[in-house]
2 protein chains.
Amino acid sequence: MATMREVAERAGVSIATVSFVVNNTKPVSPATRERIEAAMAELGFRRNVVARALASRRTRILAMAYPALQHRLGSTAMSFVTSAASAASEREYHLVLWPVDNDGVELTELIRQGLVDGIVLMEVLLDDARVDALISTGTPYAMIGRTADPAGLPYVDIDFDATVDTALDHLQSLGHREIAFVSERPPSEEFRAYGAKVRAEAAFRGSCERRGLEPIILECAQNAAGGRKAAGELLQARPRTTAVVIMNEHAAFGVVSGLARSGVRVPEDVSLLSVSTSSDMGAMADPVLTIMRSPGIHLGRLAVQLLLSQLDGGEAPSTRLLPCELHQGESTAPARVRG
Amino acid sequence: MATMREVAERAGVSIATVSFVVNNTKPVSPATRERIEAAMAELGFRRNVVARALASRRTRILAMAYPALQHRLGSTAMSFVTSAASAASEREYHLVLWPVDNDGVELTELIRQGLVDGIVLMEVLLDDARVDALISTGTPYAMIGRTADPAGLPYVDIDFDATVDTALDHLQSLGHREIAFVSERPPSEEFRAYGAKVRAEAAFRGSCERRGLEPIILECAQNAAGGRKAAGELLQARPRTTAVVIMNEHAAFGVVSGLARSGVRVPEDVSLLSVSTSSDMGAMADPVLTIMRSPGIHLGRLAVQLLLSQLDGGEAPSTRLLPCELHQGESTAPARVRG
DNA sequence: CTGAAAGCGCTTACAG
DNA sequence: CTGAAAGCGCTTACAG
């Protein structure tokens, strides 16, 4: 691979001048610029990014940090990763994947290697040692999700209040008044204080209160069996329920079949609205689920934009809270009186 | 951040000697080693990986290249990514994500930046320009999947022959003789020659032939509607079908409901076996799907191991073809005679 | 076992 | 507008 030195020799200039045209950092006369560009083309020159990184103290590499324990990132989490990678790539940054423990120790070690300019942190907990590590090492970062008290911190997140409100608007406009919320049971103690779950439940309670509805919240395991069990519990506890808001992608289909086993049809008898879900997921079900689509793709991009605004001084994104958008499927319908 | 120079000064040695103990590359007397280690601990020294990369001409960074167009990587594809990241991280490598076009141009550009030591290529096509780019630039690489004629090339892949054979063994042992195969319709022209689909279909034909069964193959879109349509077509074309092998995660639930709409129950009337599927996916269905579980997690690790064996001279993995493993769910059962 | 020195391929004041 | 030179923080022959 040709180096700057070789380009400089061939063009009859110094390597500094080559650097100026490659980076467009200083004015260079048209004639010299042309000679240099010709030399670069002939030699097929590509600037070595490692040398550049060392000399400039900027690697143009970002890290995406996520919990190592979590082998299965949900489809929403995955969309963070792929969209962040694309956004980074468009700005000529690279994105490395850092599966790290939640205690922040491994993250600190990696930071101190000097490989990355900044970090996007996923799956943020309400009280998160990784955020402390980020702050105490002075590393530029952006969170997808947020801690308990995130005021002043750089984050992007789903707007759970707006999302739940829209969900309840939709269901109320269809005449539903007995609405339940099904969330997910944390797979392990470590994820108990996962912000998304806590905020969504709080949003549901708040929204119900403002509407004069009586909230009921159940949680269940993330699979069909969990969903079926929740459906059974719900029919037991609140037989008059006519609509369910679920934030548990993997259990949604199980709720449908659990209701069906008790002779309750979706959407004829009970409406089901799946929140923070991908369209793919919704389209896999029959009936196709009415969903509030997760803004995962936008959040990944937004997080990178927020991070790069700290690094390169670009414009920081103005909105940092994105609601899930309602996509009408076949699983919600006007309420019917039930006994 | 402390540098080697500072450590050397504090320990009263040269930076070369510090390097020897950090990398364990040359014998150092116990006394000196101890002084150096103490100095490192006091200063909180961490070797700068960028400087090391430039000096050693090894970055210890690998790239995972995948099609930029494909916004949604399936759950199998995602397991490649996360498991490769973990495997790399365990060997103290970093993994960057490279969404690139299928024509190989962008890949070549990125390679020439000098950032990575090697590349894992995903979603390999039967005729793949990216592989040509890898070979012509002389870049160490490993494919997950393979081209039409992969003899001698470094790849790992699903063993479709063994997988389909096991699937048919399972169904035949339950008494099924009328077995259909449903695969996925390529989402775009660009993915027409995707190896997995072609090889799986060929494996099905071959296995049927050896068993004296008459193969029927349908393809459908990757959602519930596609699955329902395929179910309808199947009942039309082969009403005596008693078992379906499907390689189309997103359409599997649609097949179940499509059959149900014609009064055909799974598994009582027709057995359904979903091939190259994640357990999560299978567990989302009711009945829980009998699946041949995708070895995605192993393939991601294996690919990294294969790549690192070229880079660091470790042992190359002996097996490079992994079958999907049968996980009995509730969607397969003994054949019943149907009219 | 240890050190002095060159070099990895760039960037960036500084000088002219 | 252009160049000589120092320096980014390491590794690695080479010498002793």
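As a basis for the values below, the full set of heavy atoms in this structure was taken, side chains included, without hydrogen atoms, waters or symmetry mates. We name chains A, B, ... by the order of the sequence lines, and we start the count at 1 in each one. Quick caveat, the model's predicted, so the values are computed rather than measured.
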The reported gap from CZ in B:Arg320 to CE in B:Met143 (rounded to nearest 0.5 angstrom) is 10.0 Å
Would you call B:Glu37-B:Arg33 a salt bridge at under 4.0 Å N-O?
yes
Approximate separation, where rounding is to 0.5 Å, of B:Met122 CE and B:Tyr66 OH:
8.0 Å
Once base and sugar-phosphate atoms are separated, protein heavy atoms under 4.0 Å mark nucleotides 11-16 of chain C, 5' to 3', with B, S and - as BB-B--
Specify the residues of residues 27-42 of chain B, ordered by number, for which at least one heavy atom lies under 4.0 angstrom from an atom of DNA chain C.
B:Pro27, B:Val28, B:Ser29, B:Thr32
Consider the side chain of B:Thr3, meaning its heavy atoms from C-beta on, and name the nucleotide among D:dG3, D:dC10, C:dG9 that approaches it most closely.
D:dC10
Expressed as a whole number of angstroms, how long is the span from B:Asn48:CG to D:dG7:P?
18 Å
Do NZ/NE/NH1/NH2 and the carboxylate oxygens of B:Glu92 and B:Arg60 come within less than 4.0 Å?
no
With distance as the sole test, does B:Glu42 use its side chain to make a donor-acceptor pair with the main-chain N or O of B:Ala39 at under 3.5 Å?
no
With sequence neighbours left out, the residues meeting side chain to side chain contact (heavy atoms under 4.5 Å, CB included) with A:Glu34 are none
Would you call A:Asp312-A:Arg58 a salt bridge at under 4.0 Å N-O?
yes
Name the nucleic acid region contacted by A:Val13, choosing base, sugar-phosphate or nothing; use a 4.0 angstrom heavy-atom cut-off, strictly under.
sugar-phosphate
We want to know whether A:Thr32 and A:Ser29 form a side-chain donor-acceptor pair, criterion being a heavy-atom distance below 3.5 angstrom.
yes
With rounding to the nearest 0.5 Å, note down the distance linking OG1 in B:Thr137 to CD1 in B:Ile111.
3.5 Å
For DNA chain D, which residues of residues 105-112 of chain B approach it to below 4.0 angstrom with any heavy atom?
none
List for me each residue that meets side chain to side chain contact (heavy atoms under 4.5 Å, CB included) alongside A:Asp127, sequence neighbours excluded, and say none if there are none.
none
Can you give the dot-bracket line for DNA chain C, where a pair is Watson-Crick or G-U wobble with both atom distances under 3.5 Å, crossing pairs use [ ], and | marks a partner on another strand?
|||.||||||||.|||
Any donor and acceptor pair, going by atom type alone, linking the side chain of A:Asn23 with main-chain N or O of A:Thr25 inside 3.5 Å?
no
Could you check how far CG of B:Leu115 sits from P of C:dC10, rounded to whole Å?
14 Å
Starting at CD of A:Gln113 and ending at C1' of D:dG9, how long is that distance when rounded to a whole Å?
14 Å
Nearest whole angstrom, please: distance from the C1' of C:dA6 to the CG of B:Leu54.
13 Å
Which distance, rounded to the nearest 0.5 Å, do you find between the CD1 of A:Ile135 and the CG of A:Leu153?
5.5 Å
Separation of C:dA5 P from B:Arg5 CZ (nearest whole Å)
12 Å
Do the side chain of B:Gln310 and the main chain of B:Tyr141 share a donor and acceptor less than 3.5 angstrom apart?
yes
